[in-house]
Amino acid sequence: KKVVEKMRPVMTVVTYDVPEPKKSDREYLRGKLKDLGFGCPQDSLYVCPLHLERPLSQLIESEELGDYVWVISATRILGLDNRDVAAKAWNLGHMNELYTTLLEILPKIKTSRNKNLVSEWQEYFLALDNADPYLPRELQPDDWQGEICKKEFFKLNNKNSPSGPY
């Protein structure tokens, strides 16, 4: 998992216009930005609340993309506050709905004591957790269910260990 720094008022913003003949370079850049924890609020624009200028500089230089990529430090993207940018970039509303659904079905799964259901719930959680950008609290929706769901996952994991009740 990515290590999340405390939120700072500056976001790293990457915008690019890589020409069609260099499509594979553009796809590679997008993949690397996602790997670094960037979200995409709109085409060709990626944002991240972490200091990533050094790895971005190395990436741009090593892939010879300097003519096509801009890296900007911004305190605010006009028209949206940072929380709105984050919600759009990482589709946090949908992600929160999925966490909520996992939490809603969990009591039935716990009372069923069915190891297969527990295992499926854990697999769904892990898939969702893998997509979670683990943004600072200031960027998460007010009713963010990710942390609650994570705690429930660890409780289930402890119960399902060889010494647990199942």
Side-chain angles (χ1 to χ4, degrees), residues 1-16 26-56 58-59 69 71-77 79-110 112 114-161 164 166:
K1 251 331 178 190
K2 297 173 266 307
V3 176
V4 178
E5 297 174 5
K6 181 155 174 51
M7 176 58 185
R8 62 190 171 108
V10 177
M11 283 195 148
T12 302
V13 180
V14 175
T15 186
Y16 58 88
R26 184 173 58 234
E27 295 301 322
Y28 180 78
L29 175 64
R30 286 179 184 150
K32 284 300 200 180
L33 290 172
K34 289 177 184 177
D35 289 348
L36 288 169
F38 279 81
C40 182
Q42 66 183 43
D43 291 344
S44 301
L45 183 73
Y46 284 76
V47 297
C48 186
L50 301 175
H51 290 281
L52 294 171
E53 291 80 3
R54 182 171 295 161
L56 286 171
Q58 292 169 345
L59 171 65
V69 180
V71 178
I72 304 159
S73 293
T75 56
R76 184 167 172 251
I77 296 175
L80 297 173
D81 69 18
N82 286 349
R83 185 179 268 195
D84 293 335
V85 172
K88 192 171 182 182
W90 288 279
N91 201 359
L92 296 180
H94 179 65
M95 191 174 289
N96 204 32
E97 288 173 13
L98 294 173
Y99 276 131
T100 300
T101 300
L102 283 174
L103 289 169
E104 287 171 352
I105 64 172
L106 185 58
K108 291 178 185 172
I109 289 172
K110 284 180 175 178
S112 78
N114 180 325
K115 286 184 180 183
N116 290 333
L117 286 177
V118 170
S119 180
E120 275 187 48
W121 188 95
Q122 289 173 318
E123 286 178 32
Y124 282 116
F125 168 79
L126 289 171
L128 184 55
D129 184 66
N130 190 50
D132 190 329
Y134 279 85
L135 297 172
R137 183 72 192 124
E138 305 86 76
L139 295 179
Q140 297 171 353
D142 289 331
D143 63 340
W144 187 245
Q145 300 298 302
E147 282 303 311
I148 297 167
C149 209
K150 185 177 183 178
K151 288 176 185 171
E152 292 298 329
F153 170 80
F154 284 114
K155 285 183 196 174
L156 266 183
N157 241 13
N158 288 338
K159 287 181 182 176
N160 289 324
S161 67
Y166 300 126

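The minimum heavy-atom distance linking Pro133 with Met95 is given by the pair CD-SD, 4.0 Å. For Asp84 against Asp81, the heavy-atom pair with the smallest separation is N-OD1, 2.8 Å. Between Lys110 and Glu152, the closest heavy-atom pair is NZ-OE1, 2.9 Å. Nearest heavy-atom pair across Ser73 and Glu53 is OG-OE2, 3.1 Å. Between Leu36 and Leu52, the shortest heavy-atom contact is O-CD1, 3.7 Å. Here the shortest heavy-atom pairing between Trp90 and Cys48 reads CH2-CA, 4.2 Å.
Taking the side chain as every heavy atom from C-beta outward, Ile105 and Lys108 never approach each other to under 4.5 Å. Contact annotation: the side chain of Val85 never approaches that of Leu139 to less than 4.5 Å [non-hydrogen atoms, C-beta and beyond]. A 4.5 Å side-chain heavy-atom check between Gln140 and Tyr134 finds every atom pair outside the cut-off. When side chains are defined from C-beta on, Asp142 counts as touching Arg83, because their heavy atoms get closer than 4.5 Å.
Separation of atoms CG (Leu103) and NZ (Lys151) is listed at 11.5 Å; rounding is to 0.5 Å. Taking CG of Asn91 as the start and CD of Glu97 as the end, the distance is 8.5 Å to the nearest 0.5 Å. Note: Tyr46 OH to Arg30 CZ = 5.5 Å, rounded to the nearest 0.5 Å. To the nearest 0.5 Å, atom OH of residue Tyr16 and atom CG of residue Asp43 are 7.5 Å apart. Taking CD of Gln145 as the start and CG of Leu128 as the end, the distance is 11.5 Å to the nearest 0.5 Å. Here the SG-CG distance, from Cys40 to Leu33, works out to 9.0 Å after rounding to the nearest 0.5 Å.
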Given the rule in the side chain to side chain contact (heavy atoms under 4.5 Å, CB included) test, do Leu106 and Leu156 qualify, once you have shown the distances and angles that lead to the verdict? CA-CA 10 Å; Leu106 185 58; Leu156 266 183; 3.6 Å; yes
For Tyr28 and Leu59, run side chain to side chain contact (heavy atoms under 4.5 Å, CB included): C-alpha distance rounded to whole Å, both residues' side-chain angles, the deciding distance at 0.1 Å, then the answer. CA-CA 10 Å; Tyr28 180 78; Leu59 171 65; 3.9 Å; yes
One pair to check against side chain to side chain contact (heavy atoms under 4.5 Å, CB included): Phe153 and Asn157. What are the steps and the verdict? CA-CA 6 Å; Phe153 170 80; Asn157 241 13; 3.7 Å; yes
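In summary, the side chains of Glu138 and Asn82 do not present any donor paired with an acceptor at a separation below 3.5 Å, with no hydrogens or angles considered.
The aromatic rings of Tyr99 and Phe125 sit tilted relative to each other, their planes meeting at an angle between 30° and 60°.
No more than 12 heavy-atom neighbours from other residues, nucleotides or ligands sit within 6.0 angstrom of OH on Tyr124.
Listed for the Thr12 side chain is no donor-acceptor partner under 3.5 Å among the backbone atoms of His51. When atom types are taken as modelled, the side chain of Asn96 and the backbone of Asp143 share a donor-acceptor pair closer than 3.5 angstrom. Checked by atom type and distance alone, the side chain of Ser112 pairs as donor or acceptor with a backbone atom of Ile109 at under 3.5 Å.
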